[in-house]
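Let me begin by presenting the structure, written as structure tokens, before commenting on it.
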Amino acid sequence: MMYRDFGDRVRMAYDPSQIEEAVAITLLCVRVPRLVGSLELARTGR
């Protein structure tokens, strides 16, 4: 999982063959705690 924090938004990428989406989101919230409770997902590239 990789992420980039732009301040007003955070972009995340992960490989679904290696990690489930829920686990990737959980790890992201651990690394960027301000997202807890205010996370909005926008999926692209599917």
Side-chain angles (χ1 to χ4, degrees):
M1 193 239 350
M2 308 180 338
Y3 74 94
R4 183 134 185 219
D5 189 345
F6 294 97
D8 62 335
R9 61 189 167 97
V10 178
R11 294 195 67 170
M12 175 183 73
Y14 68 97
D15 182 350
S17 69
Q18 295 182 2
I19 187 172
E20 294 180 12
E21 180 181 53
V23 175
I25 292 169
T26 300
L27 289 172
L28 181 64
C29 287
V30 168
R31 300 290 291 172
V32 188
R34 76 173 191 278
L35 298 177
V36 175
S38 65
L39 186 66
E40 293 181 33
L41 297 179
R43 292 175 178 91
T44 61
R46 286 190 172 204

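Start at 1 with the first residue, then count along the sequence. Computed from heavy atoms alone, side chains included, the values below leave out hydrogens, waters and symmetry copies.
The nearest pair of heavy atoms linking R34 to V10 is NH2-CG2, 3.7 Å. The heavy-atom pair separating Y14 from E20 by the smallest distance is CE1-C, 4.3 Å.
Between I25 and M12 there is a side-chain heavy-atom pair separated by less than 4.5 Å.
Residues that satisfy the side chain to side chain donor-acceptor pair (under 3.5 Å) test with D8, not counting sequence neighbours, are absent from this structure. With sequence neighbours excluded, the residues satisfying side chain to side chain donor-acceptor pair (under 3.5 Å) with S17 are D15. Here R9 pairs with nothing under the salt bridge (Lys or Arg N to Asp or Glu O under 4.0 Å) rule; sequence neighbours left out.
One hydrophobic cluster, built from ILVMFWY side chains closer than 4.5 Å, holds both L41 and L35.
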